[in-house]
Amino acid sequence: MKITFLGHAGLYLEFDSYSIVVDPFISGNEKAKEKVNMDELNPDFILVTHAHQDHILDVSAIAKKSDATIVSNYEIAMYFQAKGLKVHPMNHGGKRQFDFGTVKYTNAIHTSSFEDGTYGGQPGGFIVQTDKKCIYIAGDTSLTMDMKLIPMSYALDLTILPIGDNFTMGIDDAISASSFVECSNVLGYHFDTFGYIEIDHAEAISKFEKAGKKLHLLDIGASMTI
Ligand code: NI
Ligand code: MN
């Protein structure tokens with residue numbers, strides 16, 4: 001599975017013949033809009049963790065162009081369905097078999113409202129399991145004991161955690177989260193986009209290293225393969 005960082009909490013997953021966009025925030029992200037060409041994204045599915053603008057800004061544009069199915073909580077799914085887009089609604093703890101594998105909508109501790117104040121359901125994360133790889137995309141969340149439930153059912157190859165602090169967990173809590181989910185291979189996201197969430201990259205990487213874990217930090221537009 002190839003994972004490309006689209007900036008902020010945006011991801012592009014490519015595996016077998018499938019591709020999935022997660023939480024696209026590109027056109028409004030000064031740091032990403034020159035580095036990511038949205039026209040090159042042609043996903044089958046778009047996973048949306050919660051309704052905040054920094055996670056949904058480009059969902060409609062990408063969905064219209066690609067005819068992708070938007071997978072999110074019930075409220076977000078209904079919001080996009082009302083715009084004429086294809087959706088699949090889920091809710092916490094629910095797992096669904098798609099052609100490419102299974103998706104589970106996991107708990108997250110955060111908030112979730114659209115920019116105009118419309119209720120965006122409860123925020124979540126996703127576990128994406130294909131026949132080859134299993135990844136956990138935490139979404140915006142604090143460290144939570146619920147993460148300990150994940151390794152009871154899944155052996156993760158990669159866990160994707162917010163590390164920017166202030167709005168989500170920071171680096172120290174992400175190290176604990178990595179232990180909770182029993183996966184030492186971590187991709188950090190949700191950092192540096194705004195002043196509130198700037199991090200010291202070298203310090204973050206070294207803290208993970210000291211804890212016996214690996215933190216990947218991708219440049220915007222760069223990829224890793226698992
Ligand atoms: Ni958020
Ligand atoms: Mn966010």
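A quick note: this is a predicted structure, and the numbers were derived from the prediction, not measured. Sequence positions, counted from 1, serve as the residue numbers for this chain. Each ligand, and each atom within it, is numbered from 1 in the order the structure gives. No hydrogens, no waters, no symmetry mates; every other heavy atom, side chains included, goes into these values.
Panel detail: the Mn ion (ligand 2) has protein N, O or S atoms under 2.8 Å away, 4 in number.
Put simply, the side chain of Asp44 gets close to the backbone of Ser19: a donor and an acceptor are under 3.5 Å apart. Judged by distance alone, the side chain of Thr141 and the main-chain N or O of Ile109 form a donor-acceptor pair under 3.5 Å. Looking only at distances, a side-chain donor or acceptor of Lys31 sits under 3.5 Å from a matching main-chain atom of Asp192.
Considering all non-hydrogen atoms of both residues, His50 and Pro123 come closest at CB-CB, 3.7 Å. Of all heavy-atom pairs between Phe194 and Asp54, the closest is CZ-CB, 4.2 Å.
The angle His110:NE2 - the Ni ion (ligand 1) - Asp140:OD2 amounts to 90°, with values rounded to 10 degrees.
Distances from the Ni ion (ligand 1) to each N, O or S atom of His52 single out ND1 as the nearest.
In this structure, the side chains of Ile3 and Leu187 come closer than 4.5 Å at one or more pairs of heavy atoms.
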| task | Show your working on side-chain contact (heavy atoms from CB on, under 4.5 Å) between Asp165 and Tyr196 and close with a plain yes or no. | result | CA-CA 8 Å; Asp165 225 328; Tyr196 289 139; over 6 Å; no
